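Computed from a predicted structure; not experimentally measured.
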Amino acid sequence: MTDMKFNHKSVLFDEAIDSLNIDPSKIIVDGTAGGGGHSKEIAKRAKRLIAIDQDPDAIKVLNERLSDFDNVTVVQNNFENIKEITHSLGIEKVDGILLDLGVSSFQLDTAERGFSYHKDAPLDMRMSKEGMSAYDVVNTYSEEKLADILFRYGEEKFARRIAKNIVLTRQQKPIETTFDLVDVIKMSYPQKAMRDSHPARKTFQAIRIEVNAELDRLEKTLDSAIDCLSEGGRLSVITFHSLEDRAVKEKFANWANPCTCPKEFPICVCGKKPKGKMPFKSKAPSKEELSENPRARSSRLRCFEKG
């Protein structure tokens with residue numbers, strides 16, 4: 001694999017970098033360093049950068065691309081372990097954390113990783129290249145469990161129909177490739193619904209989230225991240241679908257206003273104190289960015305500053 005192949009287009013690049021308020025005195029963590037787009041810019045501005053990624057292919061590229069910086073530590077791990085990672089490096093608190101969620105352009109563009117419904121490849125979708133794969137989910141989960149995942153994680157309204165057809169198809173032979181799965185999905189879709197967007201988009205999203213336990217890990221990661229931040233430190237999160245965005249939005253709102261007193265109470269008596277504030281509500285990609293990178297269309301940036 002060459003360095004050139006790992007061409008990750010960093011979404012909301014300027015907005016994310018600006019939101020971290022970086023200066024030469026600060027320690028910043030890039031929890032999803034990927035191809036190093038954000039990391040490289042952070043390394044230029046910060047005192048120290050901890051670049052984390054669970055993908056072994058990303059780690060190889062990060063070591064190459066960030067080799068000129070003596071203030072960078074590259075770590076192969078999952079960002080949910082951010083507290084353990086920073087403590088193992090002797091760092092008590094950090095001044096900024098960036099999480100760029102979802103699948104990278106590289107992972108989508110590398111057919112054999114099995115993330116893309118546009119390219120035929122073995123059903124995989126594992127970001128860490130370890131553990132349960134998409135093949136296991138598609139070929140071993142019950143019809144009921146499949147339907148539940150497609151509806152919950154993909155918001156797929158034809159979830160039951162797709163799940164039923166997956167089970168019927170795999171009884172004849174295993175569903176082994178991305179195109180095998182796409183065929184089953186297309187067979188399950190009404191003709192008129194095909195015009196809205198690619199019929200496999202929501203199913204592939206749902207299976208990827210299940211394989212990588214993305215939403216389960218997000219909750220833990222956000223709580224760990226806020227604990228790692230120094231006072232005035234910022235946590236910036238880029239999300240790519242409504243489920244992630246809702247989870248981040250609700251968590252930040254609760255941190256900013258944790259009071260559980262009834263509305264009619266004149267003053268707060270529950271004693272729950274805010275953890276900080278949101279410097280802005282959210283940011284979406286500009287028209288210019290969308291014209292250059294259509295994959296950015298559903299992305300949102302949210303930021304929380306610890307008080």
*asked:* salt bridge (Lys or Arg N to Asp or Glu O under 4.0 Å) for Lys129 and Asp57? Distances and angles first, verdict last.
replied: CA-CA 9 Å; Lys129 292 190 166 184; Asp57 290 344; 3.1 Å; yes
*Where do Glu231 and Lys93 land on the salt bridge (Lys or Arg N to Asp or Glu O under 4.0 Å) test, with the steps shown first?*
CA-CA 9 Å; Glu231 193 173 324; Lys93 296 285 180 185; over 6 Å; no
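Looking at Leu12, Val11, Asp18 one by one, the single match for side-chain contact (heavy atoms from CB on, under 4.5 Å) with Glu15 turns out to be Leu12.
The salt bridge (Lys or Arg N to Asp or Glu O under 4.0 Å) contacts involving residues 298-307 comprise Arg234-Glu305, Asp245-Arg302, where partners must be two or more places apart or lie in separate chains. Annotation: salt bridge (Lys or Arg N to Asp or Glu O under 4.0 Å) contacts involving residues 134-159, sequence neighbours excluded, comprise Asp148-Arg152, Glu155-Arg246.
Aromatic ring centres of Phe115 and Phe204 lie farther apart than the 6.0 Å criterion allows.
The shortest side-chain heavy-atom distance between Lys173 and Asp180 falls under the 4.5 Å cut-off. Here the side chains of Tyr117 and Val182 are in contact, with some heavy-atom distance below 4.5 Å. Residues Val29 and Leu98 are not in side-chain contact: their nearest non-hydrogen atoms beyond the backbone lie 4.5 Å or more apart. In this structure the side chain of Leu181 reaches within 4.5 angstrom of the side chain of Ile207, judged on heavy atoms.
Looking at Ser188 and Asn165, their side chains do bring a donor and an acceptor atom within 3.5 Å of each other.
Note on ring orientation: taking the six-membered ring where Trp is involved, the planes of Phe304 and Trp255 are perpendicular (angle over 60°, cut-offs 30° and 60°).
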